[in-house]
Amino acid sequence: QVQPVESGGGLVQAGGSLTLSCATSRRTFSSYAMGWFRQAPGKERDFVAAISWSSGDTNYADSVKGRFTIFRDDAENTVYLQMNSLKPEDTAVYYCATHLDPSGRLATTNADEYDYWGQGTQVTVSS
């Protein structure tokens, strides 16, 4: 299985927290960088965070720096997005994606470079 599977979305009040999960196969996990993107109604899909598969390098969108944390659990073949201090503008469908990276050091922010996408999970932040 290459396509990632997201979970953990839901409804939360502003200032609250959620943790999203993205599971994939062991083979995928050891060769692919993982990224999170989001798409709000009527808007384009935006980069949120990414993590390389070997070096642990991360990238974040400016809008989430200091509030969101991306991390990997190698034993579970899962990447997580911990979201704190949520704001109504964080409301969107959140997608997990994988990017084949032989170097193991890339945490690309470009959606066009990602190979496989999950179905998405809805996050709604109420004011």
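Basis for what follows: all heavy atoms, side chains included, without hydrogens, waters or symmetry-related copies.
Heavy-atom minimum distance, A40 versus A92: N-CB, 3.8 Å. Annotation for G120 and Y95: closest pair CA-CD2, 3.6 Å, computed over non-hydrogen atoms. Of all the heavy atoms in Y116 and Q3, the pair that sits closest is CB-CA, 4.3 Å. In plain terms, the two heavy atoms of S21 and T78 that are nearest each other are CB-CG2, 4.2 Å. Nearest heavy-atom pair, A14 versus P88, reported as atom, atom and distance to 0.1 Å: CB-CD, 4.1 Å.
Between V48 and Y60 there is no side-chain heavy-atom pair separated by less than 4.5 Å.
A continuous path of Ile, Leu, Val, Met, Phe, Trp and Tyr side chains, each step under 4.5 Å between heavy atoms, connects L18 with M34, placing both in one hydrophobic cluster.
Pairs passing the side-chain hydrogen bond (donor to acceptor under 3.5 Å, both in side chains) check and including a residue from residues 118-127, sequence neighbours excluded, read Q122-T124. Legend: disulfide bond (SG atoms under 2.5 Å apart) pairs involving residues 98-127, not counting sequence neighbours: none detected.
A distance of 9.5 Å separates SG in C96 from CG in L81, rounded to the nearest 0.5 Å. Once rounded to the nearest 0.5 Å, the distance linking CG of N84 with OG of S17 reads 3.5 Å. Within the model, atoms CG of L106 and CD1 of I51 stand 13.0 Å from one another, a figure rounded to the nearest 0.5 Å. Separation of atoms CG (L20) and CE (M83) is listed at 3.5 Å; rounding is to 0.5 Å. Note that OG of S63 is 9.5 Å distant from CZ of F47, once rounded to the nearest 0.5 Å. Of the inter-residue distances, the one linking F71 atom CZ with Q82 atom CD reads 5.5 Å to the nearest 0.5 angstrom.
With sequence neighbours left out, the salt bridge (Lys or Arg N to Asp or Glu O under 4.0 Å) criterion links R67 to D90. Applying the salt bridge (Lys or Arg N to Asp or Glu O under 4.0 Å) rule to D62 yields the partners K65; only residues at least two apart in sequence or on another chain are considered. Here D101 pairs with nothing under the salt bridge (Lys or Arg N to Asp or Glu O under 4.0 Å) rule; sequence neighbours left out. Residues passing the side chain to side chain contact (heavy atoms under 4.5 Å, CB included) test with T108, sequence neighbours excluded: H99, N110, E113, Y114.
Here the two rings, on F37 and W117, have centers that are under 6.0 Å apart.
At least one test fails for R105 against the ring of W53: distance under 6.0 Å to the centre or angle within 45° of the axis.
Looking at R38, its side chain never comes within 3.5 Å of a backbone N or O of T91 through a donor-acceptor pair.
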